Amino acid sequence: MATGEAFTSEQLERLNRALELAQKHSGVRFGVRLGSVRGDVRLAAERILSTLVEDPARDPAVLILVSPGQCFVRVATTPAARKRISDSASGLAALTMTSSFSLGDLVGGLTTGIRQLGEAAGSAAPGSLAGANPTSAGSPAAH
Amino acid sequence: MLTVGGLTLFTLPVFAAAASAGEIGTKYNPDPLSALQTWGIYGGTIVGGFLIAILFAAWSSRKSGPARYRPGQPWEHDEVWIGTKPEEIEGERAEKAVPGAGGASGNW
């Protein structure tokens, strides 16, 4: 299916940096998945979200699910993350991203959206997450 | 940039050689150019220039590697993860619904 990599290494680096900063700032685990989605988008996002953390009910995590071919984005938050990132804040980030996407700026929209969600989550509680290191960022996955 | 450089490298020696070829002569000496020669020189130079530019453009686009995703076009890539992929997080985790999950959606 693949015809080369979707992003250049510079673009991936920008996305990685934005994600890492948001995670360090908020202590919330972030994940971004780009690709087509079959079936119910909301349910698909929740299912993927549940695999990001050990206990989705307790651990804060945010998934940004983007299907460029189907022209939609879904921001999914675990119950713990929802306490910090309200649905309206998620909606605002989704709106920001779609505005950029509609202008053809996929990477710019994602970096802005990630930053916005990280700021909405607020500062990390001491000892929380993660220092999660998104070393695998940008790699294709067979999910 | 590469195209301009290539054209310069090609045309400079040609013009220099033509200029240093000797006397320009008169209207009758040397013999006037035939129509074919005239078209060859004036038309051929332009067509040749375009051909060289096209070859340079094709060469540089081939060199730039595989096609990237351009927004608005169908997504023809494998899925891409930014951040840690679920498969790389320690422990086997089954996909399941998350009661109480929040979020928002958007379309463009």
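All chains are named by letter (A, B, ...) in the order of the sequence lines, taking the proteins before the strands, and each is independently numbered beginning at 1. Keep in mind that what you see is a predicted model, and the values were worked out from it rather than measured.
Shown here is B:Gln37, whose CD atom has more than 12 heavy atoms of other residues, nucleotides or ligands within 6.0 Å.
The candidate with the highest count of non-hydrogen atom pairs below 4.5 Å against chain B, out of A:Ser86, A:Gly69, A:Gly35, A:Pro79, is A:Pro79. When each of A:Ile85, A:Leu15, A:Val66 is checked for heavy-atom pairs under 4.5 Å with chain B, A:Leu15 comes out on top. Counting heavy-atom pairs under 4.5 Å between each of B:Ala101, B:Pro99, B:Gly100, B:Gly102 and chain A puts B:Gly102 at the top. Ranking A:Gly31, A:Ala76, A:Pro56, A:Pro68 against chain B, the residue ahead of the rest is A:Pro68, based on heavy-atom pairs under 4.5 Å.
A:Phe101 and A:Phe30 fall within a single hydrophobic cluster, where Ile, Leu, Val, Met, Phe, Trp and Tyr side chains are chained together by heavy-atom contacts under 4.5 Å. Note on A:Leu106: it clusters hydrophobically with A:Leu12, by side-chain heavy-atom contacts below 4.5 Å among ILVMFWY residues.
Between A:Ile48 and B:Trp81, some side-chain heavy-atom pair lies under the 4.5 Å cut-off. Side-chain contact check for B:Ile82 versus A:Leu110: every heavy-atom pair is 4.5 Å or farther apart. The shortest side-chain heavy-atom distance between A:Val73 and B:Ser105 does not fall under the 4.5 Å cut-off. Within the 4.5 Å cutoff, the side chain of B:Val80 has no heavy atoms near those of the A:Val32 side chain.
A:Arg58 pairs by the salt bridge (charged side-chain N to carboxylate O under 4.0 Å, His left out) definition with A:Asp55, not counting sequence neighbours. Every residue two or more places apart in sequence or in another chain that forms a salt bridge (charged side-chain N to carboxylate O under 4.0 Å, His left out) with A:Arg82 is listed here: A:Asp87.
In this structure, the separation between CH2 on B:Trp108 and OG on A:Ser99 is 11.5 Å, given to the nearest 0.5 Å. Distance check, rounded to the nearest 0.5 Å: CD of B:Glu79 to OG of A:Ser67 gives 11.0 Å.
Of all heavy-atom pairs between B:Gly106 and A:Thr98, the closest is C-CG2, 3.7 Å. Between B:Asn107 and A:Phe72, the closest heavy-atom pair is ND2-CB, 3.5 Å. Across B:Val98 and A:Ser50, no two heavy atoms sit closer than the pair CG2-CB, 3.7 Å.
Identified by a heavy-atom distance below 4.5 Å to chain B, the contributing residues of residues 88-97 of chain A are A:Ser90, A:Gly91, A:Ala94, in residue-number order.
In the hydrophobic clustering, B:Val47 connects to B:Leu51, either directly or through intervening members, whenever side-chain heavy atoms lie under 4.5 Å apart.
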